[in-house]
Amino acid sequence: MSLMYWIPLLIVVVGNIGYHMIAKATPVTAPPFLALSMTYLVSFLLCAAAYVVTGPSLRQDLQTINWASAAWGLTLVAVEFGYILLYRAGWKISIASLLANVSVALLLAGIGVLLYKDILLPRQIIGIILCLADIFFLRP
């Protein structure tokens, strides 16, 4: 497999590490939605600048956007607000992310099979069993 196959995974991993470290560093005294508003302001400016550099035509490109972009925004706020609340409730960074991500992975495996007709290989089923064991051992 080429390097271009692995680079997106590296970006996701590095981005997620920074994401959780910064979410945990958000001051308890900061109102969560104000902190998220600042987060999204910076995100908007970075994305808008990147689009200006890479996007050919705003008029054309706007026609390709559907409901998924708005729904994605809703889910992002839910995830980020949830993590702020998790860390403020005293969850350890080493456990909260792991437990949440394993739970998401297990649920997405089921969704993939039921809705997207994904096929799980025997080694993946073994991985799911290990993830379930992980949840048992990691629970607070």
Side-chain angles (χ1 to χ4, degrees):
M1 287 181 230
S2 74
L3 190 59
M4 293 309 291
Y5 182 81
W6 292 104
I7 287 176
L9 179 64
L10 179 65
I11 292 169
V12 169
V13 169
V14 171
N16 263 294
I17 290 168
Y19 173 94
H20 286 281
M21 292 176 69
I22 293 166
K24 185 142 179 81
T26 301
V28 175
T29 56
F33 290 114
L34 179 59
L36 287 174
S37 295
M38 291 302 295
T39 300
Y40 283 111
L41 175 61
V42 171
S43 297
F44 171 77
L45 294 173
L46 287 172
C47 288
Y51 177 76
V52 167
V53 171
T54 63
S57 167
L58 181 60
R59 185 174 300 182
Q60 270 183 317
D61 291 342
L62 278 176
Q63 294 174 11
T64 65
I65 301 298
N66 68 1
W67 62 269
S69 294
W72 198 5
L74 291 171
T75 63
L76 289 174
V77 170
V79 167
E80 290 166 354
F81 182 61
Y83 274 116
I84 288 173
L85 293 180
L86 267 175
Y87 292 132
R88 286 186 179 181
W91 281 75
K92 295 177 182 177
I93 196 169
S94 58
I95 300 297
S97 174
L98 187 57
L99 194 54
N101 285 317
V102 167
S103 299
V104 168
L106 290 170
L107 291 167
L108 284 175
I111 289 169
V113 168
L114 293 174
L115 297 181
Y116 297 99
K117 309 300 181 220
D118 291 351
I119 296 171
L120 296 176
L121 301 173
R123 74 172 190 267
Q124 293 164 327
I125 293 170
I126 292 169
I128 288 171
I129 293 167
L130 292 172
C131 285
L132 289 169
D134 175 63
I135 288 176
F136 174 77
F137 288 111
L138 283 179
R139 64 191 156 97

Check your understanding: Got a sec, which hydrophobics cluster with Val53, joining ILVMFWY side chains under 4.5 Å apart, including via others?
Key -> none
Study note, to complete from the structure: Students should find that the hydrophobic cluster of Leu3, defined by side-chain heavy atoms under 4.5 Å apart, otherwise consists of Met4, Ile7, Ile11
Practice item. Consider only side-chain heavy atoms of I, L, V, M, F, W and Y, link residues closer than 4.5 Å, and tell whether Ile95 and Leu132 are in one cluster. Key: yes
Exercise for review: Please collect all side-chain hydrogen bond (donor to acceptor under 3.5 Å, both in side chains) contacts where either partner lies in residues 104-128, sequence neighbours excluded, each pair once.
Suggested key: none
**Study point:** Residues forming a ring-ring contact (aromatic ring centres under 6.0 Å, His included) with Phe33, sequence neighbours excluded
**Key:** Phe81
Review point. If you measure from CG on Leu138 to CG on Asp134, what distance do you get to the nearest 0.5 Å?
Key: 4.0 Å
Revision key, fill the gap. Using a 4.5 Å side-chain heavy-atom cut-off and chaining through intermediate ILVMFWY residues, the residues clustered with Leu46 come out as Val42
Practice item. Find out if a path of hydrophobic residues (ILVMFWY) with successive side-chain heavy-atom gaps under 4.5 Å connects Leu106 to Leu120. Key: yes
Point to revise | Single-linkage hydrophobic cluster Tyr83~Leu36, side-chain heavy atoms < 4.5 angstrom | key: no
Exercise for review: Determine which pairs satisfy side-chain hydrogen bond (donor to acceptor under 3.5 Å, both in side chains) with at least one residue from residues 12-35, sequence neighbours left out, and list them in order.
Suggested key: His20-Tyr87, His20-Ser97
Revision key, fill the gap. Sequence neighbours excluded, the answer for side-chain contact (heavy atoms from CB on, under 4.5 Å) partners of Ile119 is none
Pairs of donor and acceptor atoms involving the side chains of residues 62-79, under 3.5 Å and at least two apart or interchain, shall be tabulated with distances.
unit_1, atom_1, unit_2, atom_2, d
Thr64, OG1, Asp61, O, 2.6
Asn66, OD1, Ala68, N, 2.9
Thr75, OG1, Trp72, O, 2.8

Check your understanding: Mind checking who shares a hydrophobic cluster with Phe136, ILVMFWY linked at side-chain heavy-atom distances under 4.5 Å?
Key -> Phe137
Check your understanding: What residues, two or more places apart in sequence or in another chain, satisfy side-chain contact (heavy atoms from CB on, under 4.5 Å) together with Tyr5?
Key -> Met1, Ser2
Review point. Which heavy atom in Ala109 sits nearest to a heavy atom in Ile128, and how many Å separate them?
Key: CB-CD1, 4.0 Å
Check your understanding: How would you list, by chain and number, every residue that makes a side-chain contact (heavy atoms from CB on, under 4.5 Å) with Ile126, sequence neighbours excluded?
Key -> Leu130
Point to revise | Transitive ILVMFWY side-chain link Tyr40 to Tyr51, under 4.5 Å | key: no
Point to revise | Partners passing side-chain contact (heavy atoms from CB on, under 4.5 Å) against Val13 (at least two apart in sequence or in another chain) | key: Leu9, Ile17
Check your understanding: Is there a path of hydrophobic side-chain contacts, each under 4.5 Å between heavy atoms of I, L, V, M, F, W or Y residues, that connects Val28 with Leu85?
Key -> no
